[in-house]
Amino acid sequence: MPELPEVETTKRGIAPHIEGQQISRVSIRDFRLRWPIEESLAAWAQDQTIHSVERRSKYLILNLDSGALLIHLGMSGNLRVLFDDPTPNKHDHFDIELSNGTRLRYHDPRRFGAFMHTVEPVEQHALITHLGPEPLTDAFTSDYLYQCSRKRKTKIKTLIMDAKMVVGVGNIYANEALFLAGIYPHKQAGRLTKAEAVALAESIKQVLAKAIEQGGTTLKDFVGGDGKPGYFAQSLNVYGRAGLPCLVCGTLIKEMRTANRSTCYCTQCQPS
DNA sequence: AACGGCACCTGGTCGC
DNA sequence: TGCGACCAGGTGCCGT
């Protein structure tokens with residue numbers, strides 16, 4: 001589910017309610033996420049104050065007094081702020097209860113997400129250190145993308161979804177960015193022209209920024225921290241539109257597989 | 001080193 | 001109505 005815009009939307013939704021609050025209790029109902037939640041996490045976090053909430057790649061980082069909590073939403077996770085204590089539903093795996101009476105509740109049917117803590121600076125965490133630049137910062141430029149693509153035989157779609165190259169671009173936005181840039185998804189990365197790199201870097205930034213403005217993409221069950229869905233789905237040009245006419249030229253959108261993920265594209269607008 | 005493929009897990013949908 | 005096959009927003013790890 002959550003790519004960068006959905007995680008950013010979650011961050012913005014929860015931050016005002018939890019920053020400055022003290023954690024009164026962490027209650028974990030199911031420890032079986034992608035990696036088992038450490039037994040010591042709840043006691044470690046209790047009574048610490050949440051000083052700030054950050055996003056790095058698709059990780060949410062809650063900075064505490066003596067370290068940080070890292071939360072990843074996996075494929076099907078969401079995190080919401082609750083102002084009372086409704087009975088947990090199936091797949092509501094943990095709550096972070098706050099001293100002001102609110103709580104953050106994590107819901108994740110597929111349990112691909114993660115909940116971890118670290119006392120090291122987060123940048124040094126094993127899952128964070130090898131990540132590429134944030135796409136919406138000046139660290140991600142067309143020159144950088146162009147250089148990364150040189151001599152690479154992999155498909156351009158695979159490259160832009162590789163978090164070691166740039167973070168946050170998942171399957172939906174990879175499809176959309178390639179469409180906006182007019183690039184065939186299976187083009188060999190090393191064959192990208194300079195002009196194409198310029199268009200693609202710009203398209204990645206544009207599609208992510210616009211999706212954040214819209215509160216993310218809700219296909220099925222994504223909700224932001226306030227429990228509301230995102231509205232970017234109505235702006236999708238190709239993702240989920242196989243067999244439908246291209247919104248630009250009318251050609252029927254085609255679908256193929258890329259590294260076991262579905263790729264939708266327009267043969268006219270994104271010629272091979 | 002780079003690349004492709006697989007696994008992890010639940011639930012929804014589709015065809016028989 | 002039931003059942004199996006297949007698919008889904010991510011990503012670490014494995015073998016080649």
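All chains are named by letter (A, B, ...) in the order of the sequence lines, taking the proteins before the strands, and each is independently numbered beginning at 1. Remember, it's a predicted structure, so these values are computed and weren't measured experimentally.
The separation between A:Glu255 atom CD and C:dA8 atom P is 7 Å, rounded to whole Å. Protein atom CG of A:Asp30 is 11 Å distant from nucleotide atom P of B:dC9, rounded to whole Å. When rounded to the nearest whole Å, the span between NZ of A:Lys90 and C1' of B:dG12 equals 13 Å. One interatomic measurement links the two molecules: CZ of A:Arg111 to C1' of C:dA8, which rounds to 17 Å at whole-angstrom precision. Rounded to whole angstrom, the span from the CG atom of A:Leu70 across to the C1' atom of C:dT11 amounts to 15 Å. Distance CG (A:Asp108) to P (B:dG11): 11 Å, rounded to an integer number of Å. Between the CG atom of A:Leu219 and the C1' atom of C:dG10 there is a distance of 14 Å, given to the nearest Å. Residue A:Asn78 contributes atom CG, which lies 21 Å from atom P of C:dA8 at whole-angstrom precision.
Rounded to the nearest Å, the gap between the P atom of C:dG9 and that of B:dC3 is 22 Å.
Residue contacts shown for A:Tyr59 are limited to sugar-phosphate atoms, with no base heavy atom under 4.0 Å away. Among the heavy atoms of the strands lying under 4.0 Å from A:Tyr239 are primed sugar atoms or P, OP1, OP2 only; no base atom is included.
The backbone N or O of A:Val122 sits nowhere less than 3.5 Å from a side-chain atom of A:Thr118 that would complete a donor-acceptor pair. Judged purely by atom type and a 3.5 angstrom limit, A:Arg80 has no side-chain atom pairing as donor or acceptor with the backbone of A:Arg105.
With respect to A:Arg29 and A:Asp92, no salt bridge is recorded, no charged nitrogen being found less than 4.0 Å from a carboxylate O. Between A:Arg103 and A:Asp84 there is no salt bridge, since no side-chain N of the basic residue sits under 4.0 Å from a carboxylate O of the acidic one. The existence of a salt bridge linking A:Glu196 and A:Arg191 is excluded, since no basic side-chain nitrogen approaches an acidic carboxylate oxygen closer than 4.0 Å. Of the charged side-chain nitrogens involved, at least one lies within less than 4.0 Å of a carboxylate oxygen, so that A:Arg56 and A:Glu134 count as a salt-bridged pair.
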(message) Return a single string for nucleotides 1-8 of chain B, one symbol per nucleotide in 5' to 3' order, where B is base contact, S is sugar-phosphate-only contact and - is none, cutoff 4.0 angstrom on heavy atoms.
(response) -SSS---B
(message) Please convert DNA chain B into dot-bracket. A pair counts if it is Watson-Crick or G-U wobble with both distances under 3.5 Å; crossing pairs go in [ ] and bases paired with another strand get |.
(response) .|||||||.|||||||
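With A:Tyr146 as the aromatic partner, A:Arg150 meets the cation-pi criteria of under 6.0 angstrom to the ring centre and within 45 degrees of the ring axis.
Scanning both residues, A:Phe83 and A:His17, for their nearest heavy atoms gives CZ-CE1, 3.5 Å.
Inter-residue side-chain proximity for A:Asn78 and A:Thr10 is flagged as unmet; no heavy-atom pair is nearer than 4.5 Å.
Residue A:His91 places at least one side-chain N or O under 4.0 Å from the OP1 or OP2 atom of B:dG11. For A:His72 and C:dG10, the shortest distance from a side-chain N or O to OP1 or OP2 is not below 4.0 Å. Considering only side-chain N and O atoms, A:Arg261 lies under 4.0 angstrom from the phosphate OP1 or OP2 of C:dG9.
Checked against C:dT11, C:dG12, C:dA8, the side chain of A:Leu127 finds its nearest nucleotide in C:dG12.
Pairs of residues two or more places apart, or lying in two chains, that qualify as salt bridge (Lys or Arg N to Asp or Glu O under 4.0 Å) and include a residue from residues 156-182 of chain A are A:Asp162-A:Lys164.
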